[in-house]
Visitor: 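Please read through the structure below; I'll follow up with questions.
In what follows, chains carry the letters A, B, and so on, assigned in the order in which the sequence lines appear, proteins first and then strands, with residues in each chain numbered from 1. Computed from heavy atoms alone, side chains included, the values below leave out hydrogens, waters and symmetry copies.
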There are 2 protein chains.
Amino acid sequence: MTDREEAAREQVLDAARERVLDAAQELFYGRGVQAVGMDAVRSASGVSLKRLYQLFPSKDALVLEFLRQRDVRWRLRLADHVEAQPTPDERITAVFDWLHGWFSEPGYRGCAFINTFGEMGAVSSEVAAEAQHHKKAFHDYLARLVTAAGRPDALAGQLALLAEGAMVTAAISGTPEPARQARDAARLLMQAHPGTGQP
Amino acid sequence: MTDREEAAREQVLDAARERVLDAAQELFYGRGVQAVGMDAVRSASGVSLKRLYQLFPSKDALVLEFLRQRDVRWRLRLADHVEAQPTPDERITAVFDWLHGWFSEPGYRGCAFINTFGEMGAVSSEVAAEAQHHKKAFHDYLARLVTAAGRPDALAGQLALLAEGAMVTAAISGTPEPARQARDAARLLMQAHPGTGQP
DNA sequence: TTGCGTGGAGAACCAACGTTCTCTACGTTA
DNA sequence: TAACGTAGAGAACGTTGGTTCTCCACGCAA
């Protein structure tokens, strides 16, 4: 196979991979992992089963890749919104405003990591590890924002709890309101953990 | 069938029902609903499949009963601990101390309602309704504690978010520490929402 | 043009699982 | 003791779903 052919083939594979992962995001997030068969992924992506299994050797592998991609995309979307704020304190509260926007999206069904952990965390250590990684990365991100605002580390964990609680409560109750409550609570905790406003 | 016979038969059925629900609590909570087959419930409970289906017409019915029983038991256990505290403010923080004890139990796997909602909430409206009911009852209980402490209603929702966040974070991270963080945050929020200390 | 490798559609295979059925053993009653 | 109903053990049934296989059409090299 020539270099040109190889490159062309790789483009085809990449495109198929993208379609499969797009379908996985939609289906696994929307209905839950166990409620979605590989056949549904096939129909939704338009990629044949043969190719699907060439790209991902098993459903488990696809699930893990779904989680890894979601982790990256979710944190990028959050950071995009947060970094647009001018001051460190505003960047902290922006987290909760972004959550409100997310909760308001049609089809919001809670945090994929919390849901998938609840579904398979007891039975799949890989899924549990992905959830841990995602939540730790989120916590560390909050910790950086808190440090940048010159506020004590203890605040970060508390903000994380508010955010996690808001995700769960918004999902179960079906309203985006918990984001507002969490933001209000976050503001009060910031007052209680005074900082310099500067790092 | 005489009255005496009927009473005896009912005792047998009640005992079987209890064994089935005990097994369901252990298995569904520990491994997730979909990961547990009716055969596993049968082995764990020692109740024959025939009886099992006499007591619960389907797995779905058993799952719903599992959730309903858990709701009652969980809230009773919480209230038992909370009501033992002398002052309204102490009753509020006792919620988080009780959470710490719960998170520290071997086999803690998060909140069954959050987990089951993540697993089946998108596909079973009954499961979603049970989760909503349980979470609303918990929120209302917090609201009563907050009112009893003469503090503003807004505090209750914020405390609920901390508690939900702590359940999720403790489950995924595998440590009971989030309960402590949540309690510290709750204390700060109580200072920020001053009350009379009396209703 | 003819053979060959590649890829897609979907059938096929196999295991798991919810649910029902059969068969057998036992205890009770005339 | 003999007939009967009940209950349990586990086989059986039907469906679903993950994974693999078969068959066919198409495009490219000699």
Visitor: In whole angstrom, give the distance that lies between atom CG of A:L55 and atom P of D:dT19.
Guide: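 It is 14 Å, rounded to the nearest whole Å.
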Visitor: Return the angle between end axes of the helix from C:dT1-D:dA30 to C:dA30-D:dT1, with five pairs used per end and rounding to 10°.
Guide: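 The two end axes of the helix from C:dT1-D:dA30 to C:dA30-D:dT1 meet at 30°.
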Visitor: Atom CZ of B:R42 to atom P of C:dT19: distance rounded to whole Å?
Guide: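 From B:R42 CZ to C:dT19 P: 15 Å.
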Visitor: Hey, are B:E105 and B:R77 close enough for a salt bridge, meaning a charged N less than 4.0 Å from a carboxylate O?
Guide: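 Counted as a salt bridge, because a side-chain N and a carboxylate O are separated by less than 4.0 Å.
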Visitor: Once side-chain hydrogen bond (donor to acceptor under 3.5 Å, both in side chains) is applied, what residue pairs with a partner in residues 158-174 of chain B remain, sequence neighbours excluded?
Guide: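 As it turns out, the side-chain hydrogen bond (donor to acceptor under 3.5 Å, both in side chains) pairs with a partner in residues 158-174 of chain B, which skip direct neighbours, are B:K135-B:E164, B:Q158-B:H193.
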Visitor: Got a second to check how far A:E18's CD is from A:S45's OG, nearest 0.5 Å?
Guide: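 Result: 12.0 Å between the selected atoms.
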Visitor: Check the angle between the aromatic planes of A:Y108 and A:F103 and answer parallel, tilted or perpendicular using the 30° and 60° thresholds.
Guide: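 Ring orientation of A:Y108 relative to A:F103: tilted.
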Visitor: Starting at CG of A:D60 and ending at P of D:dG17, how long is that distance when rounded to a whole Å?
Guide: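 Interatomic distance, CG of A:D60 to P of D:dG17: 16 Å.
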Visitor: Hey, is B:D22 close enough to B:R73 for a salt bridge, meaning N to O under 4.0 Å?
Guide: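 Counted as a salt bridge, because a side-chain N and a carboxylate O are separated by less than 4.0 Å.
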Visitor: When you match B:S58 and B:K50 each to their closest nucleotide on DNA chain C, which lands nearer the 5' end?
Guide: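 This one resolves to B:S58.
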Visitor: Polar pairs (N or O, both sides) under 3.5 Å between protein and nucleotides 24-26 of chain D?
Guide:
none

Visitor: Could I get the full list of side-chain contact (heavy atoms from CB on, under 4.5 Å) partners for B:R42, not counting sequence neighbours?
Guide: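 Only B:D39, B:L49, B:L52 meet the side-chain contact (heavy atoms from CB on, under 4.5 Å) criterion with B:R42.
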Visitor: Flag the pair A:F113 / A:W74 as yes when their ring centroid distance falls below 6.0 Å, and as no otherwise.
Guide: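 When the ring centroids of A:F113 and A:W74 are compared, they turn out to be at least 6.0 Å apart.
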Visitor: Between B:R144 and B:D140, does the salt bridge (Lys or Arg N to Asp or Glu O under 4.0 Å) criterion hold? Intermediate values first, please.
Guide: CA-CA 6 Å; B:R144 282 199 295 281; B:D140 290 351; 5.6 Å; no
Visitor: What's the CD-C1' distance between B:Q54 and D:dA7, to the nearest Å?
Guide: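 Nearest whole value for this atom pair: 9 Å.
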Visitor: Is any NZ, NE, NH1 or NH2 atom of the basic residue among A:R187 and A:D97 found under 4.0 Å from an Asp or Glu carboxylate oxygen of the other?
Guide: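 Here A:R187 does not pair with A:D97 in a salt bridge, since their nearest N and O are not under 4.0 Å apart.
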Visitor: Which nucleotide, D:dT20, D:dG10, C:dT19, lies nearest any side-chain atom of B:Y53?
Guide: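 When the side chain of B:Y53 is considered, C:dT19 is the closest of D:dT20, D:dG10, C:dT19.
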Visitor: I need the residues from residues 28-41 of chain A with at least one non-hydrogen atom less than 4.0 Å from DNA chain D; give them sorted by number, or say none.
Guide: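 When residues 28-41 of chain A is checked for heavy atoms under 4.0 Å from DNA chain D, the hits, listed by number, are A:V36, A:G37, A:M38.
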Visitor: Specify the separation, in whole Å, of atom NZ of A:K59 and atom C1' of D:dT16.
Guide: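 Taking NZ of A:K59 and C1' of D:dT16, I get 11 Å after rounding.
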Visitor: Which of these nucleotides, D:dA9, D:dA11, C:dA11, is closest to any side-chain atom of A:L49?
Guide: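 For A:L49, the side-chain atoms sit closest to C:dA11.
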Visitor: My understanding is that only residues two or more places apart in sequence, or in another chain, count here; which of them pass ring pair (Phe, Tyr, Trp, His ring centres under 6.0 Å) with A:Y53?
Guide: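 Testing A:Y53 for ring pair (Phe, Tyr, Trp, His ring centres under 6.0 Å), a comparison that skips the adjacent residues, returns none.
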Visitor: Once you round it to whole Å, what is the distance between P of C:dT20 and CG of B:L52?
Guide: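 Between P of C:dT20 and CG of B:L52: 12 Å.
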Visitor: With a cut-off of under 6.0 Å to the ring centre and 45° to the axis, is B:R180 in cation-pi contact with B:F96?
Guide: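 Judged by the rule, B:R180 and B:F96 form no cation-pi pair.
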Visitor: Please tell me which of the listed nucleotides, D:dT19, C:dA9, C:dG7, lies nearest to the side chain of A:R51?
Guide: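 Closest of the options to the side chain of A:R51: C:dG7.
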